[in-house]
Amino acid sequence: MHLGLSRCALLVGERASFNGASALFSYCNRTSTNTFSTCNAFSNRKKSPYSSVDSERYSKLVKSVMTHRVSAQTPESLEEQDTHIYGPVIKSSTPNQPLPKVPKTRHPLLNHEKAFAISETEHGAAPARIILQRGQDRGSVPSVTRILQQTLSPEQQFFLERWRKRMIAQLGEEGFKEYSQNLFRQGKLFHIAVENVLPLKTEEKAPEVPAEVEGYMESIRHVMDDIRGVRAIESRVLHNKLGYLGIVDCVALYRGVLCVIDWKTSERSKPFLDNTYDNPLQVAAYVGALNNDVNYNYQVENGLIVVAYKDGSPAHPHLLSSDQVLQYWERWLVRLEEYSEKS
DNA sequence: GGATCCTTCTTCTTCTTC
C-alpha cells in the first residue's frame with residue numbers, strides 16, 4: 001500500500017514536470033522566431049518551492065520508501081495467486097502464428113485442356129444460362145454455399161451466434177426473423193435487377209428496377225461501366241472431378257480481365273477484401289468448378305467481388321488476381337475435405 | 001401440390017461524447 005501510494009505520487013510528479021516542460025516548449029515555439037533566446041526562461045525561471053524544503057530532513061523518509069520492500073509480491077507469488085483465482089494457464093497449442101491449413105490433396109485450379117478466353121470474341125452471343133436441374137444428383141452433389149456453411153470455423157460460429165443473440169435482444173425473435181428475411185429479399189431483388197441489366201447493349205433501355213434496389217444499382221453504376229463481354233449469367237457450374245456444384249452470378253470482362261463475378265449487398269462498408277469473410281473462397285470454388293465443367297469451353301483465373309450499398313454510395317469492387325484465386329482455392333480445398341470427412 | 005435445392009445475408013472492439 002505504501003509503495004503504491006508513493007509510486008502514484010512519483011508518477012504525478014513526473015507527469016507534472018513533463019507537462020510543464022512541454023508547455024514551456026510550445027510557448028517558446030509559438031511566441032518567438034528565436035527559440036533559443038526565449039527559452040532562456042529555463043535558466044532564470046522562478047525558484048522552485050521545493051528548494052525551500054528541508055531535504056535533509058525528509059531524505060530518510062524518501063530513502064525508506066524507495067528501498068524498503070513493503071510488498072512480498074514476486075512473480076512467483078503473483079502467478080500462484082492468479083492460478084488460484086483464474087485457474088492454471090493453458091498454453092495455446094499454436095502459440096505464435098497459427099499454421100495455415102493445407103489440403104491433403106492438391107487439385108489443380110486450372111484446366112490445361114481449356115484455353116483462356118480473354119477477348120470479347122463472342123460478341124453478340126447471348127450469355128450462357130445453364131439452369132440448375134433440381135432433380136439431378138440430389139443429395140449426392142453438395143453445393144458451394146452448403147459446404148461453406150457446414151465448415152465454418154468455431155471462431156466464425158461464435159461471432160455469428162453472438163451477433164444473432166444481440167440482434168434478437170434488440171429486435172425480438174419475430175423482429176429478427178423479419179430483418180433477416182428483408183436482407184435476403186433485397187439481395188435477391190438486387191441480383192435479379194443486375195441480371196436484367198447485364199446482357200443489354202448500351203443503346204438498349206434498362207428495364208424498371210424496384211424502388212427497393214435503386215440505391216444498390218446506383219452503387220454499382222461505376223463498376224458496370226467497366227464490364228464487357230458477358231459470357232454467363234446465373235449459370236450452374238459443376239466440378240466433374242471433385243463433385244460439387246454452384247451457381248455463378250456472372251462471368252464477364254472487368255477492365256479487360258475475365259472474371260467470375262459475385263454481386264453482394266451489405267449494410268456495412270466493406271472496403272477491404274478481408275471484410276468479405278468467405279466470399280473469396282466461394283468465388284475460387286466457382287472458378288475451379290467452371291474450369292472443370294464441360295459446358296464451358298474456356299477457363300477463368302480471376303475473380304471479382306462487388307459489394308453494393310443501399311444508400312447508393314460507390315460499391316467496392318475487389319478484384320482477385322490469379323495468385324489470390326489460387327490461394328483461396330487451396331483454402332477452399334481444405335473446407336471441401338473437412339466437409340467430406342464430416343459426412 | 002408439396003418438398004427440396006441454390007442462393008440471398010449475418011462476424012472481426014465497443015461505447016461515450018461533441
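First the proteins, then the strands, lettered A, B, ... as listed; each starts at 1.
A close approach under 4.0 Å does not occur between any side-chain nitrogen or oxygen of Q149(A) and OP1 or OP2 of dT8(B). For the OP1/OP2 pair of dT10(B) and a distance below 4.0 Å, the side-chain nitrogens and oxygens of S180(A) include no atom meeting the criterion. Side-chain N/O atoms of R162(A) include none lying less than 4.0 angstrom from OP1 or OP2 on dT10(B). For Y286(A), a side-chain nitrogen or oxygen approaches OP1 or OP2 of dT7(B) to under 4.0 Å.
The other residues sharing a hydrophobic cluster with L171(A) are W163(A), M167(A), I168(A), F176(A), Y179(A), L183(A), where clustering joins ILVMFWY side chains under 4.5 Å apart. In the hydrophobic clustering (ILVMFWY side chains linked at under 4.5 Å, chained through shared members), F159(A) is joined by F158(A). Taking a 4.5 Å side-chain heavy-atom cut-off between Ile, Leu, Val, Met, Phe, Trp and Tyr, the cluster of L152(A) extends to L160(A).
Q181(A) comes within contact range of no nucleotide atom at all, as no heavy-atom separation falls under 4.0 Å. Residue Y216(A) is out of contact with every strand shown, counting any heavy-atom pair closer than 4.0 Å. Residue contacts for I247(A): at a heavy-atom cut-off of 4.0 Å it reaches the sugar-phosphate backbone alone, with no base atom in range. At a threshold of 4.0 angstrom between heavy atoms, the contacts of S143(A) are confined to the sugar-phosphate backbone, with no base atom among them.
E161(A) meets the side chain to side chain donor-acceptor pair (under 3.5 Å) test with R164(A); sequence neighbours excluded.
For the segment residues 263-272 of chain A, the set of residues with a heavy atom within less than 4.0 Å of an atom of DNA chain B comprises K264(A), T265(A), S266(A), E267(A), R268(A), K270(A), in numerical order. Residues from residues 182-194 of chain A with heavy atoms under 4.0 angstrom of DNA chain B, sorted by number: L183(A), F184(A), G187(A), K188(A), H191(A).
In this structure, I147(A) atom CD1 and dC6(B) atom C1' are separated by 12 Å, rounded to whole Å. Nucleotide dT8(B) holds its C1' atom 16 Å from the CD1 atom of I305(A), rounded to whole Å. L148(A) has its CG atom 11 Å from the P atom of dT8(B), to the nearest Å. At whole-Å resolution of the value, NZ in K177(A) and P in dT8(B) are 22 Å apart. In this structure, E161(A) atom CD and dT11(B) atom P are separated by 13 Å, rounded to whole Å. Per the geometry, CD belonging to Q156(A) stands 14 Å off C1' belonging to dC9(B), to the nearest Å. As a whole-Å value, the separation of D262(A) CG from dC9(B) C1' is 12 Å. Atoms CG (L160(A)) and C1' (dT11(B)) sit 5 Å apart, rounded to a whole Å.
Between Y298(A) and Y296(A), the ring planes lie perpendicular to each other; the angle is over 60°, past the 30° to 60° tilted range.
Both Q282(A) and N275(A) lie near DNA chain B, and the one whose nearest nucleotide falls closer to the 5' end is Q282(A). Remark on DNA chain B: of its neighbouring residues N279(A) and R146(A), the 5'-side contact belongs to R146(A), judged by nearest-heavy-atom nucleotide.
Nearest approach of W329(A) to H107(A), heavy atoms of both residues: NE1-O, 2.7 Å. In terms of heavy-atom proximity, Q150(A) sits nearest to K342(A) at O-NZ, 2.5 Å. Listed here is the closest heavy atom pair of Y244(A) and A285(A): OH-O, 2.7 Å. Between L109(A) and A284(A), the shortest heavy-atom contact is CD1-O, 4.1 Å.
The separation of dC15(B) from dT11(B), taken at their P atoms, amounts to 16 Å, rounded to a whole angstrom.
Defined by atom type and a distance below 3.5 Å, a donor-acceptor pair is missing between the side-chain atoms of N302(A) and Q324(A).
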